[in-house]
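Here the structure is a predicted model, which is why all the values come from computation and not from measurement. In the text below, chain A, chain B and the rest are named by the order of the sequence lines, each starting its count at 1.
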Amino acid sequence: MAEEKSSNFLEEIVENDLKSGKYSGIITRFPPEPNGYLHLGHAKSICLNFGLALKHGGKTNLRFDDTNPITEETEYVESIKNDVKWLGFSWSNEFYASDYFGELYEFAIVLIKKGLAYVDDSSPEEIAFQKGTPVKAGTGNVYRERSVDENLQLFTEMKAGKYKEGEKVLRAKVDLASPNMHMRDPIIYRIKHAHHHRTGGTWCIYPMYDFAHGQSDAIEKVTHSICTLEFIPHRELYDWLITNLGIYPSRQYEFARLNMTYTMMSKRKLLQLVSEGHVKGWDDPRMPTITAVRRRGYTPESIREFCDKIGVAKRENLIDIGLLEFCVREHLNKISLRRMVVTDALKVVITNYPEGKMELLPSENNTEDPNGGIREIPFSRELFIEKDDFMEVPVKKYFRLAPGQMVRLKSAYIIKCEEVIKDSAGNVSELRCTYVPESKSGSDVSGINVKGVIHWVSVPHALEVEVRLYDRLFNMEDLNQAEGDFRTLLNPDSLKVLPKVYAEPSLALAKSADRFQFMRIGYFCVDPDSTPAKRVFNRTVTLRDMWAKKN
RNA sequence: UGCCCGAUGGUGUAAUUGGCAACACGCUUGAUUUUGAUUCAAGAAAGUCCAGGUUCGAGCCCUGGUCGGGCAACCA
């Protein structure tokens, strides 16, 4: 395996640790809380954790950080496992913080016995007040002076269910004057008489994040525990616990979370969008969740490529969603089958083409793929073309159809617009054209050169399908700068449904999850809402379109 | 009135760890093209937040500022 140069600060750390002999192999972990669906921000973390281990011959555990029974559900753990697999990664072990509740409890006992933890009867308000402020030291209370024996007994009683929620907590005795608020005697255990998705009613006391995460890392002998920037202040406590418990010295490193334009990565807010019905569900193709981008037609390869391209650093960032789109286009361009679909139809009658005649014209499935093969498309006297491909009064440099002008019908003939038919309202309703018989694709002897090539569908053979067009979820570029209710910033036009568009007949064979390029329009995939009677396609992303941009 | 992170083209990430700023997206122009796509070629765009200092030499080191972000949930 070729030795690549480290590409970011995390790799540099890992490589140095390996080179110095600090570790002979590394272990990382991806530690989601099963309280929601994974999004692109998690994808970054997944690619980082698994990528680091893959590159250096290490292992990665999938560990569910399930220490808060009231927010966590089995539905979420299943979706998370599914998403990680879809992204193309396999974990060495599937672990749960709740697997360690017994050991964690013993760790708490150790702390109490060392005089480093105490049971506090204060209310949340009292505790908050006694912690002081960042610029004012906290103050102790009478509970802080309880004896080891008393703490031991009280904590045992907490575990036994003797107390109600909120009556007592276990706190680490660290330093109430620390400039780091997280060190001011953090709460490490609280009482919750709640059903846990895995341990059921076994426990009524649950460890806090800070008392579970580092120890779980230590138990699994995680060497590099990477997390996002907001956990930096927690690192001091993470290390304090490892030192005072005398357990495996896992190390925490932090990187900047992913932010993207026109969308948001807050699990809480995404949940709100779902529960309030602003989107149709966690897998609504407009959502930044993994399950949604999957349904939208993104490939795992393109997501991984994206995560690779955005890099990792410790500074705040705002990634242009255009980069994600570039990554899918790049991949889809190589793999998707080309098909012709007319989304906004205008009827064309080829007046010199015999009535009732039909020819099957071959067309490449994918010009990017030499082995892609061809399919045959029926051609007849009556066709649909895109309304946008005709202009009664053409603008300069317009290569498409206009009165008296010619275009090539993709894989078929060159046609010339002879007559424009309008309805009573004055709208163009039909075009009368003639075709050049010698201009047949592949055997063109007409000698005519046309600049424009447009897609088309034969009217009698057209397959009616539904197409769903997605646009950015929000109208604001940087949602982190939003003030007030973020829901007012939702893009009202983020979904446009075209219930009846005309597709070439081969699309009747499209299977769920098949991906296509609708020529000159964009990349589409089959949505699970499809039925045998009606196929539904999601637009993954448009094609790059310099012409549209200019006009 | 504290502590902790951070600051490089529009965006994101690099810079052999002190040697004269690179790559990608985006943008512009041209060529090719039976997708105004793709591909190809060329180009514009930062002198590295500011001020000092060390040095032959600083984006990298030091000092002091400025700006941005984070930290006081019985959330993770």
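Remark: the separation of the P atoms in B:A37 and B:U28 is 12 Å, to the nearest Å. Nucleotides B:A44 and B:U39, compared at atom P, are 22 Å apart to the nearest Å. Look at the C1' atom in both B:U48 and B:C20: the space between them is 13 Å, to the nearest Å. Rounded to the nearest Å, the gap between the C1' atom of B:A58 and that of B:A45 is 24 Å. Comparing the C1' positions of B:G30 and B:C60 gives an interatomic distance of 40 Å, to the nearest angstrom. Taking atom P on both nucleotides, B:G69 is separated from B:U8 by 14 Å, rounded to a whole Å. Taking atom C1' in both B:G57 and B:U17, one finds a spacing of 15 Å when rounded to whole Å.
Under the 4.0 Å criterion applied to side-chain N and carboxylate O atoms, A:Arg375 and A:Glu504 are assigned as salt-bridge partners. Remark: A:Arg63 engages A:Asp217 in a salt bridge, criterion side-chain N to carboxylate O under 4.0 Å. Using a cut-off of 4.0 Å between Lys/Arg side-chain N and Asp/Glu carboxylate O, A:Arg251 and A:Asp239 are scored as salt-bridged. Between A:Glu220 and A:Arg29, no side-chain nitrogen of the basic residue sits less than 4.0 Å from a carboxylate oxygen of the acidic one, so the salt-bridge criterion is not met. The pair A:Lys55-A:Glu11 counts as a salt bridge, with a side-chain nitrogen and a carboxylate oxygen less than 4.0 angstrom apart. With respect to the salt-bridge test (charged N to carboxylate O, under 4.0 angstrom), the residues A:Arg146 and A:Asp120 do not qualify. A salt bridge does not link A:Glu33 with A:Lys267: none of the charged nitrogens is closer than 4.0 Å to a carboxylate oxygen.
We find that CZ of A:Arg338 is positioned 13 Å from P of B:A37, with the value rounded to whole Å. Going from atom CZ of A:Arg315 over to atom C1' of B:G59 covers 11 Å, rounded to whole Å. Remark: C1' of B:C74 and CG of A:Asp210 are 13 Å apart, rounded to the nearest angstrom. Whole-Å rounding puts the A:Phe129 CZ to B:A73 P distance at 14 Å. Look at CG on A:Asn333: it is 13 Å from C1' on B:U33, rounded to the nearest Å. Taking atom CD1 on A:Ile385 and atom C1' on B:U35, their separation rounds to 15 Å, with Å as the unit. The interatomic distance linking A:Phe231 (CZ) with B:A73 (C1') rounds to 12 Å, in whole Å. Rounded to an integer number of Å, the gap from CG of A:Asn259 to P of B:G12 is 10 Å.
Side-chain proximity of A:Lys410 to B:U34, B:G12, B:U35: nearest is B:U34. Among the nucleotides B:G12, B:U35, B:U13, the one closest to the side chain of A:Ala313 is B:U13. Counting only heavy atoms from C-beta on, A:Met208 has its side chain closest to B:A76 among B:A72, B:A76, B:A14. The nucleotide whose nearest atom lies closest to any side-chain atom of A:Leu318 is, among B:G12, B:U35, B:C75, B:G12. Distances were taken from every side-chain heavy atom of A:Asn317 (C-beta onward) to each of B:U35, B:A72, B:U13; the shortest belongs to B:U13. Of the candidate nucleotides B:G2, B:A72, B:A37, B:A72 has the atom lying nearest to any side-chain atom of A:Thr133. Minimum atom distance to the side chain of A:Glu12 is reached by B:U17, of the listed B:C4, B:U35, B:U17. Closest to the A:Asp65 side chain, of the nucleotides B:U34, B:C74, B:A76, is B:A76. Comparing B:U34, B:A14, B:G36 by their nearest atom to the side chain of A:Ser441 picks out B:U34.
Between A:Phe326 and A:Phe306, the ring center distance fails the sub-6.0 Å criterion. In this structure, the ring of A:Phe155 has its center less than 6.0 angstrom from the ring center of A:Tyr105.
Between A:Lys451 and B:U34 there is no side-chain polar atom (N or O) within less than 4.0 angstrom of OP1 or OP2. The phosphate of B:A73 has neither OP1 nor OP2 within less than 4.0 Å of any side-chain N or O from A:Arg190.
The aromatic rings of A:Tyr435 and A:Tyr353 lie perpendicular to each other, with more than 60° between the two planes, well past the 30° mark. Relative orientation of the A:Trp547 and A:Tyr398 rings is tilted, given thresholds of 30° and 60° on the angle between their planes.
Judged by ring centres under 5.5 Å apart and planes tilted less than 30 degrees, A:Tyr209 fails to stack against the six-membered base ring of B:A76.
B:U17 takes the syn form, because its glycosidic angle lies no more than 90° either side of 0. Taking syn as a glycosidic angle within 90° of 0, B:G47 qualifies as syn.
Among the protein residues, A:Thr67 comes within range of the sugar-phosphate backbone only, with heavy atoms under 4.0 Å from sugar or phosphate atoms but none that close to a base. Residue A:Asp545 is in sugar-phosphate contact alone, with no base atom involved, counting any heavy-atom pair closer than 4.0 Å across all strands shown.
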Between the protein and nucleotides 24-31 of chain B, list every N/O to N/O distance that falls short of 3.5 Å.
unit_1	atom_1	unit_2	atom_2	d
B:C27	OP1	A:Lys549	NZ	2.0

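With hydrogens and angles left out, the side chain of A:Arg520 and the base of B:U35 share no donor-acceptor pair within 3.5 Å. Side chain A:Ser411 to base B:U34: no donor-acceptor pair is found below 3.5 Å. Remark: the A:Glu368 side chain and the B:U39 base include no donor-acceptor N/O pair separated by less than 3.5 Å. Residue A:His234 places a side-chain atom within donor-acceptor reach of the base of B:A76, judged by atom type and a 3.5 Å distance cut-off alone.
Rounding to the nearest 0.5 Å gives a distance of 10.5 Å between CE of A:Met208 and CG of A:Leu237. Put simply, OG on A:Ser225 and CZ on A:Arg235 are 11.0 Å apart, with the number rounded to the nearest 0.5 Å.
Under a cutoff of 6.0 Å and an axis angle of 45°, A:Lys269 and A:Phe486 form a cation-pi pair. With a 6.0 Å cutoff to the six-membered ring centre and a 45° limit on the axis angle, A:Lys410 does not count as a cation-pi contact of A:Trp456.
Of all the residues in residues 157-167 of chain A, A:Gly166 reach under 4.0 Å from RNA chain B with at least one non-hydrogen atom.
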Check your understanding: For RNA chain B, what is the dot-bracket line, given that a base pair needs Watson-Crick (N1 to N3, plus N6-O4 or O6-N4) or G-U wobble (N1-O2 and O6-N3) geometry with both distances under 3.5 Å, and | means paired with another strand?
Key -> .((((((..((((.....[..)))).(((((.......))))).....(((((..]....))))))))))).....
